[in-house]
Amino acid sequence: MTRDSSLAGIGARDPARAQSHVVGVALLLGVTVVAMAAVTAGVGSTVDSGVARADADRAADAFASLDAVSRSGPGSVRVEFADGRLSTVERDVRVLDDAGDVVRAVDANALVFEAGDRRVAYLAGAVVRGDVGNAWFVADPPVAAGEESVLVGAPTVGASESVAVGGRGRVDLDVDVSHDRETLPAGAYRLAVETATPRPWRAYFEALGATVETRDLDGDGVESVVASFPGGRRLHLVVHALDLEVDA
(Lines give C-alpha, C1' and ligand atoms only; values in the text may rest on other atoms or scores of the structure.)
Protein backbone atom coordinates (compact mmCIF):
# COMPACT_ATOMS: atom_id res chain seq x y z
CA MET A 1 0.00 0.00 0.00
CA THR A 2 1.41 3.34 -1.00
CA ARG A 3 1.48 6.05 1.72
CA ASP A 4 0.08 9.35 0.64
CA SER A 5 3.10 11.70 0.41
CA SER A 6 0.93 14.61 1.47
CA LEU A 7 0.63 13.04 4.93
CA ALA A 8 4.27 12.17 5.34
CA GLY A 9 5.13 15.28 7.35
CA ILE A 10 2.30 14.94 9.85
CA GLY A 11 3.63 14.06 13.29
CA ALA A 12 7.23 14.55 12.23
CA ARG A 13 9.37 17.23 13.93
CA ASP A 14 11.00 19.84 11.75
CA PRO A 15 14.57 20.44 13.14
CA ALA A 16 14.80 23.90 11.57
CA ARG A 17 11.53 24.99 13.09
CA ALA A 18 12.53 23.68 16.53
CA GLN A 19 15.84 25.52 16.38
CA SER A 20 14.05 28.72 15.36
CA HIS A 21 11.72 28.31 18.35
CA VAL A 22 14.65 27.93 20.75
CA VAL A 23 16.36 31.01 19.33
CA GLY A 24 13.13 32.99 19.65
CA VAL A 25 12.75 32.02 23.31
CA ALA A 26 16.36 32.94 24.00
CA LEU A 27 15.92 36.33 22.35
CA LEU A 28 12.73 36.94 24.33
CA LEU A 29 14.49 36.08 27.58
CA GLY A 30 17.39 38.37 26.65
CA VAL A 31 15.07 41.27 25.91
CA THR A 32 13.23 40.65 29.19
CA VAL A 33 16.48 40.68 31.18
CA VAL A 34 17.62 43.89 29.52
CA ALA A 35 14.23 45.50 30.11
CA MET A 36 14.22 44.48 33.78
CA ALA A 37 17.75 45.86 34.19
CA ALA A 38 16.67 49.15 32.63
CA VAL A 39 13.63 49.36 34.90
CA THR A 40 15.75 48.58 37.96
CA ALA A 41 18.31 51.21 37.00
CA GLY A 42 15.55 53.73 36.38
CA VAL A 43 13.95 53.06 39.75
CA GLY A 44 17.34 53.37 41.47
CA SER A 45 18.04 56.66 39.72
CA THR A 46 14.61 58.00 40.68
CA VAL A 47 15.09 57.00 44.32
CA ASP A 48 18.55 58.59 44.43
CA SER A 49 17.21 61.79 42.89
CA GLY A 50 14.36 61.88 45.41
CA VAL A 51 16.74 61.43 48.33
CA ALA A 52 19.06 64.16 47.03
CA ARG A 53 16.11 66.53 46.59
CA ALA A 54 14.87 65.84 50.12
CA ASP A 55 18.36 66.47 51.50
CA ALA A 56 18.61 69.75 49.57
CA ASP A 57 15.17 70.80 50.84
CA ARG A 58 16.24 70.24 54.43
CA ALA A 59 19.51 72.11 53.88
CA ALA A 60 17.68 75.07 52.34
CA ASP A 61 15.29 75.23 55.29
CA ALA A 62 18.19 75.07 57.74
CA PHE A 63 20.14 77.81 55.94
CA ALA A 64 17.08 80.05 55.91
CA SER A 65 16.73 79.47 59.65
CA LEU A 66 20.20 80.92 60.25
CA ASP A 67 18.54 84.35 59.86
CA ALA A 68 21.64 86.36 60.70
CA VAL A 69 19.85 89.67 60.08
CA SER A 70 17.38 89.45 62.96
CA ARG A 71 19.23 87.00 65.21
CA SER A 72 21.64 88.17 67.90
CA GLY A 73 23.80 86.12 70.21
CA PRO A 74 24.14 82.34 70.29
CA GLY A 75 21.88 79.81 68.60
CA SER A 76 21.91 76.49 66.81
CA VAL A 77 20.45 75.08 63.59
CA ARG A 78 20.45 71.39 62.65
CA VAL A 79 21.07 70.02 59.15
CA GLU A 80 20.25 66.36 58.45
CA PHE A 81 21.06 64.52 55.24
CA ALA A 82 21.11 60.96 53.95
CA ASP A 83 24.04 61.45 51.60
CA GLY A 84 25.67 64.81 50.95
CA ARG A 85 28.50 67.20 51.62
CA LEU A 86 28.54 70.39 53.68
CA SER A 87 31.44 72.80 53.28
CA THR A 88 32.52 76.43 53.44
CA VAL A 89 33.98 78.32 50.49
CA GLU A 90 35.69 81.70 50.30
CA ARG A 91 33.54 84.52 48.97
CA ASP A 92 33.84 88.31 49.16
CA VAL A 93 31.36 91.16 49.20
CA ARG A 94 32.81 94.52 48.17
CA VAL A 95 31.61 98.10 48.07
CA LEU A 96 33.21 100.13 45.27
CA ASP A 97 33.08 103.84 44.55
CA ASP A 98 32.18 105.45 41.25
CA ALA A 99 35.76 105.03 40.01
CA GLY A 100 35.69 101.30 40.75
CA ASP A 101 38.00 101.46 43.76
CA VAL A 102 37.19 99.21 46.72
CA VAL A 103 36.10 101.25 49.73
CA ARG A 104 34.91 98.32 51.87
CA ALA A 105 35.63 94.60 51.62
CA VAL A 106 33.79 91.92 53.61
CA ASP A 107 34.92 88.30 53.90
CA ALA A 108 31.40 86.95 53.53
CA ASN A 109 32.22 83.34 52.66
CA ALA A 110 29.49 80.84 51.85
CA LEU A 111 28.09 77.67 53.35
CA VAL A 112 27.41 75.11 50.62
CA PHE A 113 25.50 71.81 50.68
CA GLU A 114 25.73 69.38 47.75
CA ALA A 115 23.85 66.10 47.24
CA GLY A 116 24.08 64.44 43.84
CA ASP A 117 23.22 67.14 41.31
CA ARG A 118 21.51 69.29 43.96
CA ARG A 119 23.22 72.35 45.41
CA VAL A 120 22.24 74.84 48.09
CA ALA A 121 24.33 77.82 49.20
CA TYR A 122 24.04 80.38 51.97
CA LEU A 123 25.82 83.53 50.79
CA ALA A 124 25.55 87.09 52.14
CA GLY A 125 22.16 86.31 53.65
CA ALA A 126 20.68 84.77 50.51
CA VAL A 127 19.80 81.08 50.16
CA VAL A 128 20.45 79.91 46.61
CA ARG A 129 19.26 76.64 45.05
CA GLY A 130 20.73 75.18 41.87
CA ASP A 131 23.94 75.58 39.95
CA VAL A 132 25.39 77.79 37.21
CA GLY A 133 22.76 78.68 34.62
CA ASN A 134 19.87 77.28 36.65
CA ALA A 135 19.86 78.84 40.10
CA TRP A 136 17.25 80.76 42.05
CA PHE A 137 16.77 82.41 45.43
CA VAL A 138 14.94 80.54 48.16
CA ALA A 139 15.59 83.53 50.44
CA ASP A 140 16.51 86.96 49.06
CA PRO A 141 19.61 88.86 50.18
CA PRO A 142 19.06 91.73 52.67
CA VAL A 143 19.77 94.47 50.12
CA ALA A 144 17.35 97.33 49.38
CA ALA A 145 17.58 100.57 47.43
CA GLY A 146 15.67 103.84 47.76
CA GLU A 147 15.95 107.23 46.10
CA GLU A 148 18.34 108.59 48.72
CA SER A 149 20.03 105.53 50.19
CA VAL A 150 21.07 101.93 49.66
CA LEU A 151 20.89 99.41 52.49
CA VAL A 152 23.35 96.53 52.26
CA GLY A 153 23.06 93.75 54.80
CA ALA A 154 26.11 91.52 54.59
CA PRO A 155 25.87 88.35 56.70
CA THR A 156 29.22 86.61 56.97
CA VAL A 157 30.12 82.99 57.70
CA GLY A 158 33.15 82.96 59.94
CA ALA A 159 34.51 79.61 61.12
CA SER A 160 37.61 78.85 63.14
CA GLU A 161 38.57 76.37 60.40
CA SER A 162 37.22 75.28 57.03
CA VAL A 163 34.12 73.09 57.20
CA ALA A 164 34.03 69.83 55.24
CA VAL A 165 31.51 67.19 56.33
CA GLY A 166 30.44 64.41 53.97
CA GLY A 167 28.41 61.20 53.83
CA ARG A 168 25.36 60.53 55.95
CA GLY A 169 25.00 62.73 58.94
CA ARG A 170 23.34 65.11 61.30
CA VAL A 171 25.17 68.39 61.75
CA ASP A 172 24.50 71.13 64.26
CA LEU A 173 25.47 74.62 63.13
CA ASP A 174 26.26 76.51 66.33
CA VAL A 175 26.28 80.25 65.67
CA ASP A 176 26.92 83.45 67.56
CA VAL A 177 25.73 86.55 65.72
CA SER A 178 26.85 90.16 66.18
CA HIS A 179 26.20 93.26 64.09
CA ASP A 180 28.32 96.21 62.92
CA ARG A 181 26.69 99.21 61.23
CA GLU A 182 28.30 101.93 59.16
CA THR A 183 26.98 104.72 56.93
CA LEU A 184 29.03 105.91 53.98
CA PRO A 185 28.53 109.46 52.64
CA ALA A 186 26.41 110.09 49.57
CA GLY A 187 27.96 108.86 46.35
CA ALA A 188 27.52 106.60 43.33
CA TYR A 189 28.32 103.20 44.81
CA ARG A 190 28.70 99.75 43.35
CA LEU A 191 28.01 96.53 45.24
CA ALA A 192 29.96 93.44 44.17
CA VAL A 193 29.03 89.94 45.33
CA GLU A 194 31.39 87.09 44.48
CA THR A 195 29.35 84.03 43.55
CA ALA A 196 29.39 80.79 41.56
CA THR A 197 25.72 81.33 40.64
CA PRO A 198 25.41 84.88 39.25
CA ARG A 199 22.02 84.54 37.55
CA PRO A 200 19.68 85.19 40.52
CA TRP A 201 21.91 87.99 41.82
CA ARG A 202 21.78 89.76 38.46
CA ALA A 203 18.00 89.51 38.36
CA TYR A 204 17.63 90.74 41.94
CA PHE A 205 19.88 93.77 41.49
CA GLU A 206 18.25 94.69 38.17
CA ALA A 207 14.87 94.62 39.94
CA LEU A 208 16.29 97.22 42.35
CA GLY A 209 17.04 99.51 39.40
CA ALA A 210 20.79 98.90 39.34
CA THR A 211 22.97 98.55 36.27
CA VAL A 212 24.58 95.13 36.47
CA GLU A 213 27.73 93.55 35.06
CA THR A 214 29.75 90.45 35.89
CA ARG A 215 33.53 90.61 36.43
CA ASP A 216 36.31 88.67 38.12
CA LEU A 217 37.59 91.40 40.43
CA ASP A 218 40.50 89.59 42.05
CA GLY A 219 41.57 87.10 39.37
CA ASP A 220 40.69 84.01 41.40
CA GLY A 221 38.39 82.59 38.72
CA VAL A 222 35.16 83.35 40.57
CA GLU A 223 33.14 86.19 39.09
CA SER A 224 31.42 88.94 41.03
CA VAL A 225 28.03 90.38 40.16
CA VAL A 226 28.59 94.16 40.26
CA ALA A 227 25.51 96.35 40.76
CA SER A 228 25.91 100.09 40.13
CA PHE A 229 23.52 102.42 41.93
CA PRO A 230 23.64 105.81 40.17
CA GLY A 231 23.20 109.17 41.83
CA GLY A 232 24.30 110.50 45.16
CA ARG A 233 22.94 107.98 47.67
CA ARG A 234 24.14 107.22 51.15
CA LEU A 235 25.09 103.58 51.64
CA HIS A 236 24.22 101.86 54.92
CA LEU A 237 26.43 98.82 55.37
CA VAL A 238 25.45 96.35 58.10
CA VAL A 239 27.81 93.41 58.61
CA HIS A 240 26.04 90.56 60.38
CA ALA A 241 28.94 88.46 61.66
CA LEU A 242 27.88 84.85 62.03
CA ASP A 243 30.57 82.99 63.97
CA LEU A 244 30.13 79.33 63.12
CA GLU A 245 31.09 76.10 64.84
CA VAL A 246 30.07 72.78 63.33
CA ASP A 247 29.18 69.89 65.62
CA ALA A 248 29.04 66.78 63.45
Side-chain angles (χ1 to χ4, degrees), residues 47-94 104-132 135-143 152-182 193-197 200-201 220-222 224 237-248:
V47 171
D48 289 344
S49 178
V51 170
R53 179 173 182 174
D55 284 344
D57 288 343
R58 285 191 290 268
D61 290 342
F63 289 174
S65 297
L66 288 173
D67 191 19
V69 173
S70 59
R71 180 195 296 268
S72 291
S76 183
V77 173
R78 176 165 293 179
V79 183
E80 297 185 10
F81 47 91
D83 187 14
R85 176 179 173 81
L86 183 71
S87 61
T88 52
V89 295
E90 294 182 359
R91 295 290 184 263
D92 294 314
V93 172
R94 301 176 176 91
R104 295 292 185 273
V106 179
D107 295 330
N109 301 322
L111 190 61
V112 178
F113 176 79
E114 295 174 295
D117 60 351
R118 309 282 176 166
R119 183 181 186 274
V120 186
Y122 177 84
L123 170 61
V127 179
V128 189
R129 290 286 297 263
D131 215 324
V132 179
W136 64 96
F137 284 149
V138 175
D140 293 339
V143 178
V152 177
T156 67
V157 176
S160 56
E161 57 185 26
S162 297
V163 174
V165 180
R168 180 185 182 93
R170 183 177 64 188
V171 176
D172 289 323
L173 305 177
D174 299 325
V175 299
D176 193 357
V177 183
S178 59
H179 311 276
D180 183 31
R181 297 170 174 82
E182 179 182 11
V193 179
E194 192 177 38
T195 175
T197 53
W201 291 94
D220 65 352
V222 181
S224 291
L237 176 63
V238 186
V239 177
H240 308 281
L242 193 154
D243 291 332
L244 175 69
E245 294 290 339
V246 175
D247 184 10

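No experiment lies behind these values; they were computed from the predicted model shown.
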For the pair Asp55 and Arg58, find out whether any cationic side-chain nitrogen is under 4.0 Å from an anionic carboxylate oxygen.
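Judged by the 4.0 Å cut-off on N to carboxylate O distance, Asp55 and Arg58 do form a salt bridge.
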Would you call Arg71 and Asp176 a salt bridge, using N to O less than 4.0 angstrom?
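Salt bridge absent between Arg71 and Asp176.
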Are any non-hydrogen side-chain atoms of [X] and [Y] less than 4.5 angstrom apart?
X      : Y      : result
Phe63  : Val138 : no
Arg129 : Asp57  : yes
Val175 : Ser76  : no
Tyr122 : Leu242 : yes
Asp107 : Arg91  : no
Ser178 : Ser72  : no
Val246 : Asp172 : no
Leu244 : Leu173 : yes

If the plane angle is over 60° it's perpendicular, under 30° parallel, otherwise tilted; pick one for His179 and His240.
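Ring orientation of His179 relative to His240: perpendicular.
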Testing the basics here: between Pro142 and Gly125, what is the closest heavy-atom pair and its distance to 0.1 Å?
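Result for this residue pair: CD-CA, 3.9 Å.
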Go through it in stages, so that I can follow the logic: the residues are Arg119 and Val112, the test is side-chain contact (heavy atoms from CB on, under 4.5 Å), and I'd like the CA-CA distance, side-chain angles, deciding distance and then a yes or no.
CA-CA 7 Å; Arg119 183 181 186 274; Val112 178; 3.9 Å; yes
Main-chain N/O of Gly158 paired to Thr156 side chain as donor or acceptor, under 3.5 Å
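Flag not set: sc Thr156 to bb Gly158 has no pair under 3.5 Å.
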Does any donor atom in the side chain of Thr88 or Asn109 lie under 3.5 Å from an acceptor atom in the other side chain?
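Note: Thr88 and Asn109 side chains miss the donor-acceptor criterion.
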Full working for side-chain contact (heavy atoms from CB on, under 4.5 Å) between Glu114 and Leu86
CA-CA 7 Å; Glu114 295 174 295; Leu86 183 71; over 6 Å; no
So, taking the atom named CZ in Arg53 and the one named CG in Asp117, what distance separates them when rounded to the nearest 0.5 Å?
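That separation rounds to 11.0 Å.
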Euclidean distance, Thr197 OG1 relative to Trp136 CH2, rounded to 0.5 Å:
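It comes to 10.5 Å.
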How about Glu90: does its CD atom have over 12 heavy atoms from other parts shown lying under 6.0 Å from it?
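Not more than 12 within 6.0 Å, no.
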